[in-house]
Number of protein chains: 2
Amino acid sequence: MTGLRERQKAGRRRDILAAASQLFARNGFADTSVEAIAALAEVGTGTVYNYFSSKGDLLMALVALDGEQVRARGKRFIAGRHADPATALYGLLAIYIDHSLVHLTKELWRNAMATALTQADSPFGIGYFENDRLLAEQVGELVAVLQADGSLKSDIDAAQAGSALFIIVNGLFMQFVAQEKMPKTQLHARLRAQVALFVAGLSAETVLQRKRA
Amino acid sequence: MTGLRERQKAGRRRDILAAASQLFARNGFADTSVEAIAALAEVGTGTVYNYFSSKGDLLMALVALDGEQVRARGKRFIAGRHADPATALYGLLAIYIDHSLVHLTKELWRNAMATALTQADSPFGIGYFENDRLLAEQVGELVAVLQADGSLKSDIDAAQAGSALFIIVNGLFMQFVAQEKMPKTQLHARLRAQVALFVAGLSAETVLQRKRA
DNA sequence: CTCCAAAATAAAGTCAATTCACATTTCAGG
DNA sequence: CCTGAAATGTGAATTGACTTTATTTTGGAG
């Protein structure tokens, strides 16, 4: 099954990815040529295209690696103890943000998102959005846990709430990477506020009931 | 003031934009070359770059035109009568979606978003995000109106709620354009559900209070 | 050990966006 | 009317992603 050939193939794939990761990190996406990646990985430029269908695919593959890790971290977080729901939800979403910025810069994220959009139906483009879907699902799991606690209303669709919350982090994150100057602290502050707002809701009903009580 | 030079310049700009609009609509973004746009506008290819700094900028300029229109429509909507808050908010956000799809296809939106990300600091890139900001602000205005009605809690920050709601439409819209097969009806259904959820909130408080009442 | 098919390779080529050195045009001041 | 900057137009040259091809390497089956 795992003949020498397959191992070599996997090894070469790793080499190319490692070279890309290194050069993207050092010089940015735009200033890294596929030729340079090939040279660093000690393969021909054509070989790079045997493994990845475009320069953008290479970047999305790097993003995908982080995707698996972040889901694992999220899973562990969910399994822990949780106090109030807004803090718990913010905690999970903050993990996503923080993990995203360990290996990738804003410029790389901008390009990764742009590639995911323009190549939305390539394997890695699909993978990108699939990762988003899985993360939204994971947020939904935390919502369900909090519902079981009695910390959150039980009559709402946990998956849908997860989806909404994930869209919010994602949107805030996108604004964050789009503006080179925006500091991470501001992103976190916004996220915390938006989560709190979402948990509380906008409806006047609560207020009326408070008055009645 | 308006010498020949300025008039010609404005005219040429319009010609280039009109040519781009026509070709993008007919052949899509990827299959339209700058050379073809220049030819249709009857200018040299270099001239196109005197007016727009990239092919993507050209597309973002078209998006910006629609941006002004949609804000005007939104303004009129807000000035009208509103029944329940979820319907009102959904109504406004649905205008954004529907208007967005009048002139631009999914493929064009994908490329517009991708360009806005990669050229986030070019004039049109800034304009793109500025438009988003203005729309979020407009949603905030509707929230404020509904607060004045007593339809929504008055102790929340209207601007922040507007921002959250806009991020949600935007996120749903992005998922919509990323998946060529997803029908508009599904986008609307999701939006309606998410808005309802957001208005209601997740907090268990309401339920507890209901029980007490 | 031999041969085959898969995979790698280098080189040359395609293609389209973007740039640039030069040509043309406008217009202010004489 | 001229005239010469300054602004603008132009298309050929550049660039880099991606493809194609002809050739070579090599793991592994027989």
Side-chain angles (χ1 to χ4, degrees), chain A residues 1-17 19-20 23-24 27-61 108 111-112 114-115 118-119 121-125, chain B residues 1-17 19-20 23-24 26-61 107-108 111-112 114-119 121-125:
Chain A
M1 286 300 133
T2 43
L4 175 55
R5 181 162 265 167
E6 280 180 58
R7 261 177 290 131
Q8 281 188 332
K9 204 168 151 178
R12 210 163 270 139
R13 194 192 139 89
R14 256 196 310 282
D15 290 347
I16 292 170
L17 227 37
L23 292 177
F24 285 160
N27 308 324
F29 184 76
D31 290 344
T32 299
S33 71
V34 175
E35 201 182 332
I37 294 169
L40 184 58
E42 299 181 319
V43 298
T45 60
T47 304
V48 173
Y49 286 95
N50 281 343
Y51 289 83
F52 301 95
S53 66
S54 73
K55 187 168 114 166
D57 257 22
L58 224 26
L59 177 54
M60 289 198 294
L108 292 176
N111 283 287
T115 304
T118 53
Q119 329 254 321
D121 46 1
S122 87
F124 282 108
Chain B
M1 291 296 134
T2 44
L4 174 56
R5 183 165 265 168
E6 282 181 55
R7 261 177 291 127
Q8 281 189 334
K9 205 168 151 180
R12 228 174 295 245
R13 195 192 139 89
R14 256 197 310 281
D15 289 349
I16 292 170
L17 224 38
L23 292 177
F24 284 160
R26 175 161 46 222
N27 307 324
F29 184 77
D31 291 345
T32 298
S33 71
V34 175
E35 200 183 332
I37 293 169
L40 184 57
E42 299 181 320
V43 298
T45 59
T47 303
V48 172
Y49 286 91
N50 283 340
Y51 290 83
F52 302 93
S53 66
S54 74
K55 187 169 118 167
D57 257 22
L58 223 27
L59 177 54
M60 289 199 293
E107 192 248 1
L108 291 176
N111 283 287
T115 305
L117 280 166
T118 52
Q119 330 254 320
D121 46 1
S122 87
F124 282 108

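In the text below, chain A, chain B and the rest are named by the order of the sequence lines, each starting its count at 1. Below, each value reflects all heavy atoms present in this structure, side chains not excepted, and no hydrogens, waters or symmetry copies.
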query = Do you know which two heavy atoms are closest between Gly56(B) and Thr115(B), and how far apart they sit?
reply =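 Shortest heavy-atom contact: CA-CG2, 3.4 Å.
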message = Show me the pairs that pass side chain to side chain donor-acceptor pair (under 3.5 Å) and involve residues 38-54 of chain B, at least two apart or across chains.
response = Ser53(B)-Asp57(B)
query = How close or far is atom P of dT9(C) from atom OH of Tyr51(A), stated in whole angstroms?
reply = 8 Å
key: Integer-rounded Å distance: dA10(C) P and Glu42(A) CD   =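 Computing the Glu42(A):CD to dA10(C):P distance gives 11 Å.
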Enumerate the protein-to-nucleotides 17-21 of chain C contacts in which both atoms are nitrogen or oxygen and the separation is below 3.5 Å.
residue	atom	partner	partner atom	Å
dA17(C)	OP1	Thr32(B)	O	3.3
dA17(C)	OP1	Lys55(B)	NZ	2.6
dA17(C)	OP2	Val34(B)	N	3.0
dT18(C)	OP2	Tyr49(B)	OH	3.0
dT18(C)	OP2	Lys55(B)	N	3.0

inquiry  = Please confirm whether the shortest side-chain N or O distance from Arg12(B) to OP1 or OP2 of dT8(D) is below 4.0 Å.
reply    = no
query = Tell me, do Ile16(B) and Val43(B) make a side-chain contact under 4.5 Å, heavy atoms counted?
reply = yes
request  = Go through the structure and list residues passing side chain to side chain contact (heavy atoms under 4.5 Å, CB included) with Ala36(A), not counting sequence neighbours.
outcome  =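 For Ala36(A), the residues satisfying side chain to side chain contact (heavy atoms under 4.5 Å, CB included) (neighbours in sequence not counted) are Leu23(A), Ser33(A).
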request  = Would you please name every residue forming a side chain to side chain contact (heavy atoms under 4.5 Å, CB included) with Ala61(A), sequence neighbours left out?
outcome  =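 In terms of side chain to side chain contact (heavy atoms under 4.5 Å, CB included), with neighbours along the sequence ignored, Ala61(A) is linked to Leu17(A), Phe52(A), Phe124(A).
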